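Inspection log for the structure reproduced underneath, given as structure tokens.
Since this is a predicted model, take the numbers as computed values, not measurements. Residue numbering restarts at 1 for every chain, and letters A, B, ... go by the order of the sequence lines.
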Number of protein chains: 2
Amino acid sequence: MSKKVGKQTVRFDNVGIIEGYALAGPKEREGNLGQQFDLCLDNDKFGEKSFEKAECKMFKTAIDGVLTKSGMTSSQIDTMLGGDLLNQIISVSFAMREYESSFLGLYNACGTFAESLFVGACLVDGNFKDNVVCVSGSHFSTAERQYRYPLELGVLRSPVSQWTATGVGASIMSNSKTDAVCRITHGTTGRVVDLGIKDINNMGAAMAPAACDTLTQFFEDTGSSPADYDKIFTGDLGKLGKQILLDLMKDNGYDMTQKLEDCGAMLFKDKQQTFQGGSGAACSAIVFNSYILNNFKNGNYKKILLAGTGALLSSLTSFQGESVPCIAHCLEVCK
Amino acid sequence: MSKKVGKQTVRFDNVGIIEGYALAGPKEREGNLGQQFDLCLDNDKFGEKSFEKAECKMFKTAIDGVLTKSGMTSSQIDTMLGGDLLNQIISVSFAMREYESSFLGLYNACGTFAESLFVGACLVDGNFKDNVVCVSGSHFSTAERQYRYPLELGVLRSPVSQWTATGVGASIMSNSKTDAVCRITHGTTGRVVDLGIKDINNMGAAMAPAACDTLTQFFEDTGSSPADYDKIFTGDLGKLGKQILLDLMKDNGYDMTQKLEDCGAMLFKDKQQTFQGGSGAACSAIVFNSYILNNFKNGNYKKILLAGTGALLSSLTSFQGESVPCIAHCLEVCK
């Protein structure tokens with residue numbers, strides 16, 4: 001029987017999030033959600049010789065962490081799915097050397113965590129896999145030197161810019177309904193949307209139309225509205241991008257003013273001078289696996305949406321004068 | 001009902017490959033399979049200003065080609081899945097701006113086409129999507145300057161090296177059994193295997209153990225043996241890697257001497273001086289969507305295996321002294 005709902009949405013009947021784990025960096029600890037994370041690093045080199053090796057170790061630590069927290073071993077995990085922002089998603093790929101589980105590498109930039117929840121839910125709900133780990137992360141210092149400038153250069157940042165979050169979030173997803181913290185009940189895969197933004201500092205403006213496209217499609221497909229949800233989380237639009245999304249959704253007839261939270265915008269305090277807030281593949285992954293799951297555990301949430309947003313550029317495409325194609329995948333998460 | 005078969009394998013009951021399309025470069029046209037491809041480029045710039053823009057155009061051309069060949073429009077495709085070798089998989093991501101379908105970006109290096117067939121088959125067999133496009137490709141000139149040296153430098157190549165194939169292969173996968181060229185009946189997701197090879201020219205030696213791990217697991221999970229198949233294709237081990245795999249499999253009790261073909265090893269003629277043969281995310285994608293599908297259409301094949309192989313390194317990991325983690329995903333394809 002078809003599990004399609006409308007045009008881009010699918011229904012999941014048997015997908016539970018068993019446990020989550022969020023590892024964050026020192027700057028994230030000083031932010032608004034510092035008390036929510038399972039582990040915060042004192043130093044973002046994490047005892048390694050390079051930031052890249054530190055990022056890889058963060059993936060292993062977060063995966064080991066969620067396994068320990070749930071009382072499972074890696075031999076019980078059929079497949080791990082995920083990605084990161086580094087070229088050839090090396091952080092997660094190299095971490096996978098440590099595990100017996102099979103691996104599916106994913107890349108939709110900062111929307112990768114939402115993508116991993118969607119693909120993972122298809123594997124579990126379709127009875128192809130019993131237990132999977134969905135994982136995604138990023139590291140300020142590896143991203144900054146890959147995408148922008150050497151850290152040592154001390155380049156001034158644009159007021160519309162965001163700060164790549166350092167962290168890794170990992171979830172265990174299972175088809176056994178017992179003891180699930182929450183369930184993934186619907187998922188909408190996003191289309192690539194590019195309205196021609198070329199300012200690589202202003203990712204919020206580039207990504208907001210993609211978030212609008214997917215959220216509007218989700219509401220149309222399911223016949224639901226923002227009022228049906230406790231909260232609607234976007235991944236990393238930042239403060240400006242969040243405002244743009246509110247305006248775009250209002251144009252489409254959906255008022256999300258009382259419901260919308262952006263994982264990036266909520267991550268840091270104003271005095272931390274991240275300007276528009278956090279971004280990166282860690283952003284929605286660490287907020288989902290700490291703050292959001294904690295609110296489900298505490299009974300504060302019954303039903304939320306998570307729309308992970310991603311900007312699909314590389315430094316080469318910007319040098320070649322291209323604009324920024326973006327994407328968003330949306331998940332409905334229920335108690 | 002569980003669709004798991006053994007440890008890492010799953011069963012698919014309702015997944016057909018409706019049509020395939022293979023676009024290849026000028027050097028590939030001069031190779032052993034030149035007559036098999038749907039379209040061969042005269043010039044690998046493809047009328048574009050840069051090799052990267054040419055690679056992106058190749059993706060659009062292959063996707064448009066398979067849609068036309070099957071008499072479908074992009075509005076009938078629920079989701080497109082795939083990847084390429086460029087940083088942040090820009091070639092496929094930028095091509096996706098042209099289509100209404102939603103997009104899931106994948107990355108398992110040269111194993112990405114096999115990964116897209118696996119994830120696509122889960123989406124279709126699980127009734128989440130009706131029609132998907134699985135697509136993967138690479139371009140010699142973009143890969144060479146990203147992973148190795150500027151082309152203008154004319155660096156001498158190692159005798160164990162392979163030649164990144166220029167091409168894109170696209171398949172339409174559907175849950176309607178009518179008129180399918182062939183069906184995907186089983187899939188095995190691979191684990192990351194790293195035996196410590198650090199010679200970045202010798203990808204065949206690095207990847208052969210991963211192919212061995214996945215193929216051995218497939219035979220154990222399904223209780224089948226090489227004798228049950230018309231042919232067993234690996235993605236891009238090259239001639240040396242193919243020989244290593246034959247030896248490794250013999251150690252595990254499986255004689256594949258009469259069955260094994262490697263898409264990379266078969267692509268070029270000896271006089272073309274590619275040494276060990278072809279490689280790249282195009283390799284298995286263009287051979288599957290031409291030679292293999294043609295043999296199913298002609299009735300020559302009843303049952304084959306395709307094990308897509310990938311080396312999960314980046315140039316940065318090699319500079320930092322890391323070895324090469326590898327992966328292989330295996331699909332059983334039947335008439």
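In terms of heavy-atom pairs under 4.5 Å with chain B, the best-connected choice from A/Leu86, A/Asp194, A/Thr112 is A/Asp194. Of all the listed residues (B/Glu115, B/Arg11, B/Gln217), the one sharing the greatest number of non-hydrogen pairs under 4.5 Å with chain A is B/Glu115. For chain A, the option among B/Asn87, B/Val193, B/Thr188, B/Leu313 with the highest count of heavy-atom pairs below 4.5 Å is B/Asn87. Options A/Met96, A/Arg97, A/Met80 differ in how many heavy-atom pairs under 4.5 Å they form with chain B, and the most are formed by A/Arg97.
Looking at B/Lys53 and A/Glu322, a side-chain N of the basic residue comes within less than 4.0 Å of a carboxylate O on the acidic one, giving a salt bridge. For the pair A/Asp78 and B/Lys7, the salt-bridge criterion is not met [side-chain N within less than 4.0 Å of a carboxylate O].
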| request: Show the numbers, then the answer: is there a side chain to side chain donor-acceptor pair (under 3.5 Å) between B/Asp221 and B/Thr9? | output: CA-CA 6 Å; B/Asp221 284 347; B/Thr9 304; 2.7 Å; yes
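Of the N and O atoms on the side chains of A/Ser50 and B/Gln320, at least one donor lies less than 3.5 Å from an acceptor on the other residue. Looking at B/Thr189 and B/Gln8, their side chains never bring a donor and an acceptor atom within 3.5 Å of each other. Between the side chains of A/Glu100 and A/Ser75, not a single donor N or O lies within less than 3.5 Å of an accepting N or O.
The two atoms that bring A/Leu306 and A/Ser284 nearest to each other are CD1-CB, 4.4 Å, heavy atoms only. In this structure, A/Asp84 and A/Phe59 approach most closely via the heavy-atom pair CB-CZ, 3.8 Å. Across all non-hydrogen atoms, the minimal contact from A/Ile89 to A/Gly105 is CD1-CA, 3.8 Å. Taking every heavy atom of both residues into account, B/Cys330 and B/Leu305 meet most closely at SG-CD2, 4.1 Å. Counting all heavy atoms, side chain and backbone alike, A/Gln88 lies closest to B/Ser314 at OE1-CB, 3.3 Å.
Both the backbone and the side chain of A/Ser93 come within contact range of chain B, with heavy atoms under 4.5 Å apart. For B/Leu81, no part sits under 4.5 Å from any heavy atom of chain A, backbone or side chain. Both the backbone and the side chain of A/Ser323 come within less than 4.5 Å of a heavy atom in chain B. Within the 4.5 angstrom heavy-atom criterion, only backbone atoms of B/Met1 (N, CA, C, O) approach chain A. Both the backbone and the side chain of A/Leu312 come within contact range of chain B, each with at least one heavy atom under 4.5 Å from a heavy atom of that chain. The part of A/Thr79 that comes within reach of chain B is its side chain, from C-beta onward, which places non-hydrogen atoms under 4.5 angstrom from that chain.
The stretch residues 139-148 of chain B places B/Arg145, B/Gln146, B/Tyr147 near chain A, each with some heavy atom under 4.5 Å from a heavy atom of that chain. Residues of residues 116-132 of chain A placed with any heavy atom under 4.5 Å of a heavy atom in chain B are listed by number as A/Phe118, A/Val119, A/Cys122, A/Leu123, A/Asp125, A/Gly126, A/Asn127, A/Phe128, A/Lys129, A/Asp130.
Side-chain contact between A/His329 and B/Leu104 is present, with at least one heavy-atom pair separated by less than 4.5 Å. Annotation: side chain of B/Arg191 is not in contact with side chain of A/Phe103 (no heavy-atom distance under 4.5 Å).
Annotation: cation-pi pair A/Lys3/A/Phe12 absent, no NZ/CZ under 6.0 Å from the ring centroid and within 45° of its normal.
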